[in-house]
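Worksheet: one structure, shown below.
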There are 2 protein chains.
Amino acid sequence: MSATNEDTIANRICRILAERIVTGELEPGAKLRQDHIAEEFGTSHVPVREAFRRLEAQGLAVSEPRRGVRVASFSLEEVREVAEMRAALEVLALRHAAPHLTPSILNQAEEATVEADNARDVRSWEGANRRFHRLLLTPCGMPRLLAAIDDLHAVSARFLFATWRSDWEVRPDHDHRAILAFLRQGRTENAAAVLERHVQRIGQKPVKNASGGAFAIVG
Amino acid sequence: MSATNEDTIANRICRILAERIVTGELEPGAKLRQDHIAEEFGTSHVPVREAFRRLEAQGLAVSEPRRGVRVASFSLEEVREVAEMRAALEVLALRHAAPHLTPSILNQAEEATVEADNARDVRSWEGANRRFHRLLLTPCGMPRLLAAIDDLHAVSARFLFATWRSDWEVRPDHDHRAILAFLRQGRTENAAAVLERHVQRIGQKPVKNASGGAFAIVG
DNA sequence: GATTCAGATATTATCTATAATTTCGTCGCA
DNA sequence: TGCGACGAAATTATAGATAATATCTGAATC
C-alpha cells in the first residue's frame, strides 16, 4: 500500500515542495536547486524538473530559463487578486452545488466551523477552514472549477501562514455560520453573497488591533 | 534573434502541441508518445515530458502514470463548465479594467469586432474574437487572472474548432457592439452583464437553424 | 468458439553523463 | 580603496542509456 506505486516520483516531490512553500518553510524568492532537491529525495534531477513545471503552473514557483527556479514571491496586490478570483469562482461553485447539498453535508460543514473556531494554531485552523469550503463546493460536480479553486486556496493559505507565524487567536467565524444558515433555508443567493464578501476579505490590508499586533482578516 | 534563445525547447514543444490540440489536428483521446514527439522535434524526451506537464496543467492533456499521456477529451458538460468559469472571471477582469480603458483601446476593440464579422473562416474569426476580449481585459493589470482566462480561452477555441470543421458563416456580433457601447458610456455594469451572458452562450447546446445544419453559439 | 495465460513488443519512468550558461569570488589595476 | 575583468565553481539543459511496466499477439485449453 505504498504511495510510490500509485504516484510518480515527480508527483510526490511536487506535493512536498508545495507544502513547504505554502507553510512558509521555503521563503519567497528562495532558490530551488534541482540537484540538491534530487539528492534529498534520492532521485535524479529529471523528476525534479517535472515537479518544477507543475509548481510553476500552480503559481507557487517562477522559473527563468537558464537562471533557475525560485519560490514565487507574493505581494499584497497578488493576494488580493487571488482573493477576488476565489470569490468569483467559489460563488459560481456554490450556486451549482447548492441543489445537491444534503443536511449531512451541512452538518459536516458546521462541525468544520466549530473545529476552526477552536483551533489553537494556524495550521489546524486552515485545515478546518478549507474543509468547510470544500464540503460546500465539491457537490457542484465541476472538476476543473474545483481544481482551480484548490490552487487559489493554496496561495491564500501561503499568505495566511506568512501573516500569522506563531501568534493566533481564536475568533468565532460569523460568516461561515451565516452561510450555513442561509443554505439551510434554501436561500442560495444570500449564502453566495456572504461567501463573496467573506472570501474577498482575505486580501484586505492588515489592521492594528487593540493589543497592537498587525492583523489581517482571512477566509 | 532566434526564438530558441529566449525560449526553452520544452516551451516551444508545449506551444506547438497546444496549438495542434486546440485546432483539432490532434484529436481528443489521441496518445501523445514522448519518443515520437521527441524525434519529431529533434530533441530528447526530457523536454517533451516537461511540455506534457504544462499541457496537463492547462487541461489540454491528461496523464496516467505509467500509461502515458493523452489529448484531453472534452464533453459538452466540460465546455459549459469552462464557459461559466470564463464568464465569472472575464466579468471580474472587465470591472477592474474598465477604469483604465482608453478611447484608443475601445477603437482597437471595435476594429477587432469588424474583423471578426468579416472573417471567412473559423481560425481568423477566433483570432479576432480573442483579440477583442484581450484588449478589453488586459488593462485590469491582474496577471494571474489573465493567464487563467487565456487557458480557458484555449479550451473554448478547441470546442469552436471542433464544431465548425469547415463550414463557417459570417454573423455580425451584436454582443460585442453592445459591450463597446456601454463601455463608451461608462456603464461598466451593463457591459459586464452583456459580457457574462455572451460568454456563457459558448456552452449552449447546438441548435438546428433554417438551413438544417447544426450550429452552436460561440463567444 | 470463447477465454485465459504466456511471451514478445512497445512505451514509460528513471538514471547517468555531457555540454553550455550563469554566477560568484578573486585578482589586478586605477 | 573602489572598480572592472577574468576564471573557477555551480547549476541548468539536454542527450543517451537502462530498468520496469503496460499492451498486444497468439496459442493452448476449457
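Every chain is numbered from 1 and lettered A, B, ... according to where its sequence line falls, protein lines coming before strand lines. Predicted model, so just to flag it, every value in this text is computed and none were measured.
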Point-to-point distance, once rounded to the nearest 0.5 Å, from CE of B:Met142 to CZ of A:Arg80: 9.5 Å
C:dT23 OP1/OP2 closer than 4.0 Å to side-chain N/O of A:Arg67: yes
Touch class at under 4.0 angstrom, heavy-atom based, for A:Leu32 against every strand present: sugar-phosphate
Non-hydrogen atoms of A:Val199 and A:Ala83 that approach each other most closely: CG1-O, 3.6 Å
Atom-pair distance (CD1 on A:Ile13; C1' on C:dA13), nearest Å: 12 Å
Rounded distance in Å - CZ (B:Arg70) to C1' (C:dT11): 12 Å
Separation of B:Leu89 CG from B:Glu84 CD (nearest 0.5 Å): 11.5 Å
Approximate separation, where rounding is to 0.5 Å, of B:Gln200 CD and B:Glu196 CD: 5.0 Å
Euclidean distance, atom CD1 of residue A:Ile9 to atom P of D:dA19 [Å, nearest integer]: 16 Å
Summary of protein contacts for nucleotides 5-10 of chain C, nucleotide by nucleotide, where a base hit scores B, a sugar-phosphate-only hit scores S (4.0 Å, heavy atoms): ------
Verdict with reasoning, A:Arg54 to A:Glu50, per salt bridge (charged side-chain N to carboxylate O under 4.0 Å, His left out): CA-CA 7 Å; A:Arg54 290 186 68 165; A:Glu50 292 184 33; over 6 Å; no
Atom-to-atom span, CG of B:Asp35 to P of D:dA15 - whole angstrom: 13 Å
Proximity to DNA chain D (any heavy atom under 4.0 Å), residues of residues 38-53 of chain A only: A:His45, A:Arg49
Ring pair (Phe, Tyr, Trp, His ring centres under 6.0 Å) between A:His176 and A:His133, intermediate numbers included: CA-CA 9 Å; A:His176 281 194; A:His133 285 262; 5.3 Å; yes
Between P of C:dT12 and CZ of B:Arg66, the distance in whole Å: 11 Å
Taking every non-hydrogen atom, the tightest pair across A:Ile37 and A:Leu17: CD1-CD1, 4.1 Å
Rounded interatomic separation in angstrom, taking CD1 from A:Ile37 and C1' from C:dC15: 18 Å
NE2 on B:His96 to CG on B:Leu146, rounded to 0.5 Å: 11.5 Å
Gap separating the CD atom of A:Glu56 from the CZ atom of A:Arg53, nearest 0.5 angstrom: 5.0 Å
Terminal axes of the helix from C:dG1-D:dC30 to C:dA30-D:dT1 (five pairs each): angle between them, nearest 10 degrees: 20°
Pairwise distance NE2(A:His153) to CZ(A:Arg134) - rounded to 0.5 angstrom: 7.5 Å
Smallest separation among heavy atoms of B:Gly59 and B:Ala72, with atom names: O-CB, 3.6 Å
